[in-house]
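Inspection log for the structure reproduced underneath, given as structure tokens.
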Amino acid sequence: MSSRELEDRYDREEAEAIAAALGLTPDELDEIEYSIHDIANDDGLVFDYGVEIKEGAPQYILDKLARLPRYGNLISVGLVPGIRAE
């Protein structure tokens, strides 16, 4: 397997993990722009990951995400294996 194929596989697995953590399908996740951020305490210890949803997401997806816990504008997804902050 080439390094490009490995990278594509990792990206696909990460997207699947993010979608599952948000309660979305991979196709729904493809409809939105998002970024992943570390959520850390004052000492820099990462205790959660947060997903920032960019403007322009379809309302039905925003409605699905509304029930999830948040840290400000970040949706908490926990320390899910396979997700990395940008």
Side-chain angles (χ1 to χ4, degrees):
M1 190 176 278
S2 72
S3 63
R4 179 67 186 155
E5 289 172 324
L6 285 173
E7 186 177 324
D8 289 345
R9 180 178 173 183
Y10 183 82
D11 289 345
R12 185 178 61 253
E13 289 173 355
E14 180 183 45
E16 290 171 358
I18 293 167
L22 293 173
L24 301 175
T25 66
D27 289 338
E28 289 171 330
L29 187 68
D30 284 343
E31 292 184 48
I32 62 174
E33 288 186 51
Y34 63 91
S35 58
I36 307 296
H37 302 275
D38 291 336
I39 300 174
N41 65 16
D42 292 337
D43 294 326
L45 177 67
V46 175
F47 63 88
D48 203 347
Y49 290 125
V51 178
E52 177 184 7
I53 306 299
K54 307 293 183 178
E55 289 187 33
Q59 188 60 48
Y60 83 96
I61 291 177
L62 295 175
D63 292 343
K64 289 178 89 171
L65 300 175
R67 61 179 169 68
L68 299 174
R70 296 179 179 263
Y71 292 98
N73 66 333
L74 301 177
I75 300 169
S76 170
V77 293
L79 292 175
V80 178
I83 297 178
R84 63 179 187 251
E86 298 174 346

Salt bridge (Lys or Arg N to Asp or Glu O under 4.0 Å) with Arg67: which residues, sequence neighbours excluded?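 Counting only residues at least two positions away or on another chain, Arg67 forms no salt bridge (Lys or Arg N to Asp or Glu O under 4.0 Å).
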
Set of residues satisfying salt bridge (Lys or Arg N to Asp or Glu O under 4.0 Å) with respect to Glu7, sequence neighbours excluded: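 In terms of salt bridge (Lys or Arg N to Asp or Glu O under 4.0 Å), with neighbours along the sequence ignored, Glu7 is linked to Arg4.
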
Would a distance-only check, ignoring hydrogens and angles, find a side-chain to backbone donor-acceptor pair under 3.5 Å from Asp48 to Gly78?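 Yes; at least one donor-acceptor contact below 3.5 Å.
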
Answer with yes or no whether the hydrophobic clustering places [X] together with [Y]; edges join I, L, V, M, F, W, Y residues whose side-chain heavy atoms lie under 4.5 Å apart.
| X | Y | value |
| --- | --- | --- |
| Leu24 | Ile53 | yes |
| Val51 | Leu74 | no |
| Ile18 | Ile32 | yes |
| Tyr34 | Leu62 | yes |

I need the [X] [atom1] to [Y] [atom2] distance, nearest 0.5 Å.
| X | Y | atom1 | atom2 | result |
| --- | --- | --- | --- | --- |
| Leu29 | Leu22 | CG | CG | 6.5 Å |
| Asp8 | Ser3 | CG | OG | 9.5 Å |
| Ser76 | Leu68 | OG | CG | 8.5 Å |

List the residues meeting side chain to side chain contact (heavy atoms under 4.5 Å, CB included) with [X], not counting sequence neighbours, and say none if there are none.
| X | value |
| --- | --- |
| Ala20 | none |
| Asn41 | Asp43, Leu45, Phe47 |
| Glu16 | Arg12, Pro26 |

Sort and list the pairs that fulfil salt bridge (Lys or Arg N to Asp or Glu O under 4.0 Å) and have at least one residue in residues 49-65, not counting sequence neighbours.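 Matches after skipping sequence neighbours: Glu28-Lys64, Glu52-Lys54.
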
Can you name the nearest heavy-atom pair linking Ser35 to His37, along with the distance?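 So the two residues come closest at OG-NE2, 2.9 Å.
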
With a 4.5 Å heavy-atom cut-off, do Leu79 and Tyr49 have their side chains touching?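 Yes, side chains in contact.
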
Indicate yes or no: does Glu5 engage Arg9 in a salt bridge with an N to O separation below 4.0 Å.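 No, this pair does not count.
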
